[in-house]
Every structure is written in structure tokens, then in C-alpha cells.
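In what follows, a structure is listed as C-alpha cells, so that the remarks can point back to it.
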Amino acid sequence: MNIILIGFMGSGKSTVGKAIAKKMSFEFREMDALILEQTGFADMKALFLKKGESLLRESEIALSKELALLTNTVVSTGGGVVMNKIIIDTFKKHSAIVFYLHAPFELLTKHIASDSTPRPLFNTIEKAQSLFEFRLPLYKNLSDHTIDIQEKSVEEIADEIIHIYNTL
Ligand code: S3P
């Protein structure tokens, strides 16, 4: 059964995903990185500028169909996968458990500030905050488990997820 991590930008999906994969000897796949590789763009800013958000969303739908077929894999999704329910449905259809990494918006902005990854949908705090509020119910409703990441180390978050996985 695969482990799918969802959550807003800055929630640590990739860092936590790598830690889980290492501890469980699972494969690790990062959707953003694979999409940039497939489309040939250096980063999301360049992709958005040339092709717009729609290319990212179409690529996410197509990629989820490929990744869902893998086994024993941790998938770190992009923060916007919940905009297309079919992506989560595809993962779940092929045996996966979906974890939502939750943190208040203020903590996410702190994480983003200390990370140099270009994020075109985090250009202004106001827009990012309304996007966060819009998506919050989607993350909660589409996941199997919500993991509060506040005041926890990467190791602790990874262990919490592994514990839930092992009790299934
Ligand atoms: C996005 C999140 C980003 C990336 C793109 C759009 C979003 O991924 O897919 O910039 O819509 O929230 P991270 O969540 O890994 O930052």
C-alpha cells in the first residue's frame, strides 16, 4: 500500500516523505520534480510563465495514474492536487493511504520564507492565505488522516505516519 502526502505549500511533504521512505525502505516519488523533468522546465515559475497553471494540473492528473500503479512507494504531491479530486481517487483506487500534513498558515509562511523553491502561487501572502482557506476543507475531506505538524520534528511526524500505517 502506498503512502500519499498532501498539504499546502510549506507543510514539509517532501522532507517528511523522504524520511518515511528511508525508514520503511519504500521508494520515494515527488510529483513536482517528476513534472518538471517531464515538461523540461527548470522550475514552477518558468512552467507557469510559459504554459500556465493548466499544464501543471493536467500533468498532475496524468502522473497520478502512473504513480498509482507503483507499490511500496511514498508520494509527495504538489499542494494543488486537491483541486482535482480525480487525483486522490486514482491513488485510493490502487490501494493507498492519504495523509494530510496540517499546520496553521503562519507556520507555513515561515517555512516558505526559508525555502528558495519558486512558488508562483505564493507570490503574495493575501492570495496564498485565501487559497489556503479555500483548500483547507479539501485537504481534510480527501485525506484518510490529518497529521498536525506543529511543534514536531520531521522524525516525529514520519514516525506518527508509519505507526498509523502499521496499524492498518
Ligand atoms: C502548488 C504547490 C507547489 C507546486 C506548484 C503549485 C500549489 O508544490 O506544485 O507551485 O498549487 O499549491 P509544493 O506544495 O510542493 O510547494
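All ligand and atom numbering here is 1-based and tracks the order in the structure. Predicted model, so just to flag it, every value in this text is computed and none were measured. Any value given below was found using the heavy atoms of this structure, including those in side chains, with hydrogens, waters and symmetry copies removed.
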Main-chain N/O of Leu70 paired with Arg29 side-chain donor or acceptor, under 3.5 Å: no
Aromatic plane relationship, Tyr165 with Phe26 - under 30° parallel, 30 to 60° tilted, over 60° perpendicular: perpendicular
Residues which pass side chain to side chain donor-acceptor pair (under 3.5 Å) with Glu66, listed by chain and number, not counting sequence neighbours: none
From Leu55 atom CG to Met44 atom CE, the distance as rounded to the nearest 0.5 Å: 9.0 Å
Test: Glu155 and Lys23 ion pair at under 4.0 Å: yes
For ligand 1, list every N/O pair with the protein closer than 3.5 Å, one pair per line with the distance.
from	atom 1	to	atom 2	distance (Å)
ligand 1	8 (O)	Asp32	OD2	2.7
ligand 1	9 (O)	Asp32	OD1	2.7
ligand 1	9 (O)	Asp32	OD2	3.2
ligand 1	11 (O)	Arg57	NH2	2.7
ligand 1	11 (O)	Arg135	NH2	2.8
ligand 1	12 (O)	Gly80	N	3.4
ligand 1	12 (O)	Arg135	NH1	2.7
ligand 1	14 (O)	Lys13	NZ	2.7
ligand 1	14 (O)	Gly79	N	2.8
ligand 1	15 (O)	Asp32	OD2	3.2
ligand 1	16 (O)	Arg119	NE	2.7
ligand 1	16 (O)	Arg119	NH2	3.4

Flag, side chain of Thr73 to backbone of Phe28, donor-acceptor distance under 3.5 Å: no
